[in-house]
Amino acid sequence: MTQIHIGIRRPVRKSFNVPLAEDQLKAIFKKHDKNGDGRLCRKEVRGAFEELGACFPEWRAWRGLCNADANGDGFITEDELNGLVKYTMQLGYTIS
(Lines give C-alpha, C1' and ligand atoms only; values in the text may rest on other atoms or scores of the structure.)
Protein backbone atom coordinates (compact mmCIF):
# COMPACT_ATOMS: atom_id res chain seq x y z
CA MET A 1 0.00 0.00 0.00
CA THR A 2 1.37 3.39 -1.00
CA GLN A 3 0.99 6.31 1.36
CA ILE A 4 0.46 9.74 -0.03
CA HIS A 5 1.62 12.67 2.04
CA ILE A 6 0.13 16.02 1.39
CA GLY A 7 2.54 18.69 2.52
CA ILE A 8 1.23 21.71 4.30
CA ARG A 9 2.77 24.79 2.91
CA ARG A 10 3.84 27.16 5.63
CA PRO A 11 4.31 30.82 4.96
CA VAL A 12 7.93 31.78 4.67
CA ARG A 13 8.93 34.67 6.85
CA LYS A 14 11.33 36.99 5.22
CA SER A 15 13.17 39.46 7.30
CA PHE A 16 14.24 42.73 5.80
CA ASN A 17 16.70 45.01 7.51
CA VAL A 18 15.75 48.60 6.82
CA PRO A 19 18.33 51.30 7.54
CA LEU A 20 17.35 53.81 10.19
CA ALA A 21 16.48 57.25 8.86
CA GLU A 22 18.12 60.41 10.17
CA ASP A 23 15.00 61.51 12.05
CA GLN A 24 14.77 58.08 13.73
CA LEU A 25 18.39 58.31 14.87
CA LYS A 26 17.86 61.85 16.15
CA ALA A 27 14.86 60.67 18.15
CA ILE A 28 16.88 57.84 19.69
CA PHE A 29 19.71 60.18 20.70
CA LYS A 30 17.31 62.81 22.08
CA LYS A 31 15.51 60.12 24.10
CA HIS A 32 18.79 59.42 25.87
CA ASP A 33 19.16 63.01 27.10
CA LYS A 34 18.24 61.77 30.57
CA ASN A 35 18.73 65.03 32.46
CA GLY A 36 16.95 67.13 29.80
CA ASP A 37 19.69 69.74 29.45
CA GLY A 38 19.54 69.64 25.64
CA ARG A 39 22.97 68.13 25.22
CA LEU A 40 24.37 64.60 25.33
CA CYS A 41 27.29 63.50 27.48
CA ARG A 42 29.32 60.41 26.59
CA LYS A 43 27.29 58.26 28.97
CA GLU A 44 24.03 59.31 27.27
CA VAL A 45 25.51 58.70 23.81
CA ARG A 46 26.66 55.27 25.00
CA GLY A 47 23.09 54.47 26.06
CA ALA A 48 21.84 55.33 22.58
CA PHE A 49 24.46 53.07 20.99
CA GLU A 50 23.46 50.29 23.38
CA GLU A 51 19.87 50.67 22.17
CA LEU A 52 21.08 50.53 18.58
CA GLY A 53 22.81 47.22 19.32
CA ALA A 54 26.43 48.34 19.03
CA CYS A 55 28.96 45.66 19.93
CA PHE A 56 31.16 48.19 21.75
CA PRO A 57 28.85 51.05 22.76
CA GLU A 58 31.48 52.82 24.93
CA TRP A 59 33.91 52.91 22.01
CA ARG A 60 31.19 54.03 19.59
CA ALA A 61 30.22 56.83 21.99
CA TRP A 62 33.84 57.98 22.18
CA ARG A 63 34.21 57.88 18.38
CA GLY A 64 30.90 59.69 17.98
CA LEU A 65 32.10 62.48 20.25
CA CYS A 66 35.41 62.66 18.38
CA ASN A 67 33.51 63.07 15.11
CA ALA A 68 30.72 65.41 16.19
CA ASP A 69 31.87 67.48 19.19
CA ALA A 70 32.96 70.55 17.21
CA ASN A 71 33.86 72.74 20.18
CA GLY A 72 35.55 69.97 22.20
CA ASP A 73 33.54 70.49 25.38
CA GLY A 74 32.73 66.77 25.75
CA PHE A 75 29.04 67.18 24.93
CA ILE A 76 26.88 66.90 21.82
CA THR A 77 24.64 69.96 21.55
CA GLU A 78 21.62 70.38 19.29
CA ASP A 79 23.88 72.08 16.72
CA GLU A 80 26.31 69.14 16.78
CA LEU A 81 23.66 66.42 16.69
CA ASN A 82 23.63 66.32 12.88
CA GLY A 83 27.32 65.38 12.94
CA LEU A 84 26.65 62.54 15.35
CA VAL A 85 23.75 61.32 13.21
CA LYS A 86 25.93 61.49 10.08
CA TYR A 87 28.62 59.40 11.81
CA THR A 88 26.01 56.89 12.99
CA MET A 89 24.40 56.63 9.55
CA GLN A 90 27.75 55.44 8.15
CA LEU A 91 27.66 52.49 10.57
CA GLY A 92 24.54 51.04 8.97
CA TYR A 93 22.26 50.39 11.93
CA THR A 94 18.95 48.91 10.83
CA ILE A 95 15.45 48.03 11.95
CA SER A 96 14.67 44.34 11.51
Side-chain angles (χ1 to χ4, degrees):
M1 199 178 251
T2 306
Q3 292 183 348
I4 299 175
H5 294 281
I6 300 174
I8 298 174
R9 200 161 217 201
R10 294 186 181 150
V12 177
R13 285 191 174 178
K14 293 184 180 181
S15 134
F16 296 99
N17 292 329
V18 179
L20 287 162
E22 288 184 25
D23 59 332
Q24 292 171 311
L25 286 171
K26 279 185 182 181
I28 290 170
F29 284 118
K30 287 180 177 184
K31 179 172 71 172
H32 285 274
D33 180 14
K34 299 297 182 188
N35 60 2
D37 64 353
R39 55 189 197 155
L40 298 167
C41 66
R42 190 163 84 185
K43 182 178 178 182
E44 292 167 330
V45 175
R46 183 186 70 217
F49 278 109
E50 285 174 357
E51 180 177 336
L52 291 169
C55 291
F56 303 102
E58 180 67 34
W59 188 78
R60 284 290 174 210
W62 175 74
R63 291 297 300 145
L65 280 165
C66 289
N67 279 279
D69 184 15
N71 62 7
D73 67 352
F75 295 92
I76 300 296
T77 63
E78 183 71 34
D79 294 335
E80 298 166 327
L81 187 57
N82 287 333
L84 181 60
V85 169
K86 182 179 176 182
Y87 164 74
T88 307
M89 292 281 296
Q90 295 172 352
L91 301 174
Y93 291 105
T94 60
I95 302 170
S96 25

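Throughout, numbering of the chain's residues begins at 1 and tracks the sequence.
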Worked verdict on L52 versus L20 for side-chain contact (heavy atoms from CB on, under 4.5 Å): CA-CA 10 Å; L52 291 169; L20 287 162; 3.4 Å; yes
Distance in Å, N17 CG paired with I95 CD1, rounded so as to fall on 0.5 Å steps: 10.0 Å
By side chain to side chain donor-acceptor pair (under 3.5 Å) - contacts of Y87 (at least two apart): R60
Pairs meeting criterion side-chain hydrogen bond (donor to acceptor under 3.5 Å, both in side chains) with involvement of residues 20-29, two or more places apart: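 For residues 20-29: K26-N82.
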Tell me the closest heavy-atom pair linking [X] and [Y], and the distance in Å.
{"X": "L40", "Y": "V45", "answer": "CB-CG2, 3.7 Å"}
{"X": "A68", "Y": "G83", "answer": "CB-C, 3.6 Å"}
{"X": "Y93", "Y": "G53", "answer": "CE2-C, 4.4 Å"}

Side-chain heavy-atom pair L84, N67 within 4.5 angstrom cut-off: no
Close side-chain approach of I28 and T88, heavy atoms under 4.5 Å: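 No - every pair of side-chain heavy atoms lies 4.5 Å or more apart.
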Residue pairs passing the salt bridge (Lys or Arg N to Asp or Glu O under 4.0 Å) test where at least one lies in residues 36-46, sequence neighbours excluded: D37-R39, R42-E58, R46-E50, R46-E58
Qualifying salt bridge (Lys or Arg N to Asp or Glu O under 4.0 Å) pairs with a residue from residues 62-82, counting only residues at least two apart or across chains: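 As it turns out, the salt bridge (Lys or Arg N to Asp or Glu O under 4.0 Å) pairs with a partner in residues 62-82, which skip direct neighbours, are K30-E78.
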Hydrophobic cluster of F56, others only, ordered by chain and residue number, side-chain cut-off 4.5 Å: W59, W62
Pairs satisfying ring-ring contact (aromatic ring centres under 6.0 Å, His included), at least one member in residues 25-47, at least two apart: F29-F49
